[in-house]
Amino acid sequence: MSGGKLSRELSTPRASRARALPSGEDREEYLGFRADKEMFAVSLALVREILKPPPITEVPRARRDILGIVSVRGQITTVIDLRRRLNLRATDPTISSRVLLVQGNDEVLGLLVDEVTQVYRLSPLEIEPATSVLGANVGSHVAGIGRPRMRGLRGEVQNASEEVLILLDLAALLSS
Amino acid sequence: MNASDAKDEFFGEAQELIDALARDLLALETSSRAGGDDPELVNDIFRSVHTLKGLSGLFGLNRLGSLTHELENRLDDMRMGRLSVSTSVLDVLFRAVELLGRMLAAARRGEADDDSELPSLLASLKTAGASKDQRADDELAAFELDPDIVRVLTEHEEHRLRTNVRNGTPLYRLRARFPIDRIDKALDELKQLAKPLGEIIAYLPTGDLPADGTLFELDILYASATPLEQLRHRLEGQDVAIHRISRKSAASHTSLPAAPDVPVQAALPPPPRAPSDTARDSVPLSLDKPFVDSTTNERAALQEPRHGGGIKTPVPPKPEEEGSRAALAGRMAHTVRVDIRRLDHLMNVLGELAIVRGSLARLTERLRQHATFRDLTTELHRLHRAFDRNLAEMQSGILEVRMVPLGQVFERLARAVRQIARQNDKEIRLVVTGAETEVDKLIVEELSDPLLHIVRNSIDHGIEPQSERAALGKPVEGTIALNAFQAGNHVIIEIEDDGAGVDHDRVIATALRRGLLTEEQAREIAPRDAINYLFLPGFSTREAVTDLSGRGVGLDVVKTNIARLGGVVDVQSERGIGTKFTITLPITLAILRALLLGVSGRTYALPLSSVAEATVLDARAIRTVEGREVTSLRGETLPLCRLERLFGHDRTAKTNTRSYIVVVALGGRRVGIVVDELFGQQDIVIKALGPSLSSVRGFAGATDLGDQRVGLVLDAAALLDEVLSSGERRGMEAYSVGR
């Protein structure tokens, strides 16, 4: 069902990947993905699996952001469209679309995103509080803003990249 | 097994014990009413309580422990004949078992139970033990019985001995010898032979062990009305000497201690043989030969193979415990307690296998197109058929395991009826039929509350007070009939009382006042339909209670609970005659046969159990009644429901012009669902939708259709409700606007 290159990478033991990356400060891993034109990231620990979108069965009368249900190894799983959830412009899934299986508040949910980009290892220094960037009106689902820095081969910081990641608080995002 | 598993198991077992207790108490009450005395039953009850006491101690439930302890004392008194089975005693016992149940339930939820009742109950239990005739006249002295024997008998054994003497049942001493290495098997065989003809009162080792220790000698105190010749015949082939213990003659009466007839303890020397006055009756099968004799050993050796299939008892048991322990071992060997979630898991795996089966079938079909693979195809086809067959068998096997008789719930109800009737000072006769009808375990568990609710309603408000019944010429004793039976894929449970019935006019008046009906509707509504308003939440109010002599209390809850199980509840009532609730339930929740149907390009599954028939829709036959589409089916009006409208599907251009009607029927109500396509039947494993979809109505769950596709399973009961009540709601809107 999944079989993508990235999901294979995710299934390798965490330790071996960590060894390949520079050690250093107290870093946390984030999975980066795109919805519409915005870049997001969630804590990798909360992502169980990345799937190519299976056929989704629409559930009539469900909330608008609920795309429908899929069967993941016999388990009926509800899939939420991140675009609709965030009131972004809705489109049909494309070839790069993925469903992230994430641990929701009381069930495992699927989250449809446009594209999965990469895993980021962010130190606290690379995360800015959302309010300082976006003001007090920011939604509770935004946990912070990630500004990953470019690194050299030895992990030394070179310069700030152009990337801006919206770090999502899944619990807040998925509570209805 | 971790601690919580163990605890789950304890609660399960304890609950079963309490259920068994209640059942046995009811049986005891019945038999004592009939004037009988059932020592086995009292013993069973005693053992259950004893086991429960042990379990409570193990799990630190001290209050449960203290109650079982006192209960055990009284039951011990009963089985020793110190306490007779009377209504007042039974009452206390019933109360105690009831409290045990509540304490257990509280402990299960991890709450402290309400402890107000325990002290008073303990006190009544204690006083219920006020002893009866402590010592009957020494009837035993009249027998050729060694007082030493009587002294070593346990209290229960002595009680049984006295009872048999009082009944005039002849007493025997069976002196049996067994090779020591197979005493348990041999003893068991002897018991099997002896028990049908009489009662074994006690096992007493004689202690006369031969020097080489290969034989074991046992005296068995036995009471039997069977003639000696028959006994002898029955026990032929066993190494047993049968000796009738007769009444003493006047002469030997005085010399009793001098001539002990039955030897007792190890310290005693071998007894002198039967005194002269009993010799006539004494027919030893093996005379007083030297203890180790070759014939005995040979015989034992020859018998050995025959015992290969005998019941195995791990250790040579202490004689007085032997019976219960063997029974326990028998029970343990044949029962396994399984968490139902494990069965659910197996069922899921089975569902996956069913999908594999489907894919195999498709593959076989595709291979069939290629001439080159003919042989392989045939073989594959055969394999597929075998797979199919075994899968079906496995499925029915697992389903069978989940099935339990409704009797479990009915027993609990019987207890409740007794209790509620007493509280209301009413006499109620509960007539149960079909307790053996089997239903999915999960359904049975959820059924308890709704049934209790209905029965309580019947007693509280249905059955009139005794004086009223007498005045009406009805029998003073009210009757509640509990009938269960299977009808196709459904189980029907009826709860019928012969009480006052429901006042339809008052129901209609209340519905009118609450705005659930328009005046016009109220005039036209049939009594059968009016009574269904009892199930609306609005009716469960205090005002309604008094208005309707209590009917309607929480009946909406009953309806919701039953609906959750995929069932429907219906009520019929006649003034002055009685009320009948009918609950229709699916037999199992795990696997369903479903009809797959297509609407606007979507596939839905509809449980076949709720489908009455399917037919082609004749567009010309559609009429409109108050904005609702109806058609007629064999002369009856059938409301129609268009799923695409109900579900708000965008209307895709339909390729075929033909549509079908699937007639959904539950509990006497029908709706025709209009669909575009019928795909046929399929066995489906129904799975729950996630919490985020819990508020979506109309679906019972989802199922794998194969090909990675998921289909929604329609909730027939909810759809029926929705379609049939939407008209009412519309009527109500019109009403409120008109006002």
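Just so you know, these numbers use all the heavy atoms, side chains as well, and skip hydrogens, waters and symmetry mates. Quick note on labels: first sequence line is chain A, next is B, and so on, each numbered from 1.
Between B:Arg709 and A:Glu58, none of the side-chain N atoms (NZ, or NE/NH1/NH2) sits under 4.0 Å from a carboxylate O, so this pair counts as no salt bridge.
For the pair B:Leu689/A:Ile76, a side-chain contact is recorded, criterion being any heavy-atom separation below 4.5 Å from C-beta on. The side-chain heavy atoms of B:Pro691 and A:Asn105, taken from C-beta on, include no pair separated by under 4.5 Å.
For the atom pair OG1 of A:Thr57 and CG of B:Leu712, the computed distance is 6.5 Å after rounding to the nearest 0.5 Å.
Contact between A:Ala62 and B:Leu693 at its shortest, heavy atoms only, is CB-CD2, 3.7 Å. Of all the heavy atoms in B:Gly690 and A:Glu107, the pair that sits closest is CA-OE1, 3.2 Å. The shortest heavy-atom contact between B:Ser692 and A:Ile66 is O-CD1, 3.8 Å. Taking both residues in full, the closest heavy atoms of B:Ala702 and A:Ile69 are given as CB-CD1, 3.6 Å, listed atom of the first, atom of the second, then distance.
The closest donor-acceptor contact from the side chain of A:Arg61 to the backbone of B:Phe647 lies at 3.5 Å or more, if one exists at all.
Per-residue counts of heavy-atom pairs under 4.5 Å with chain A were compared for B:Leu646, B:Thr703, B:Thr603; the largest is that of B:Leu646. Counting heavy-atom pairs closer than 4.5 Å to chain B, the top-ranked of the candidates A:Ile80, A:Val108, A:Asp106, A:Thr77 is A:Asp106.
Contact of A:Val70 with chain B is made through the backbone alone, with heavy-atom distances under 4.5 Å.
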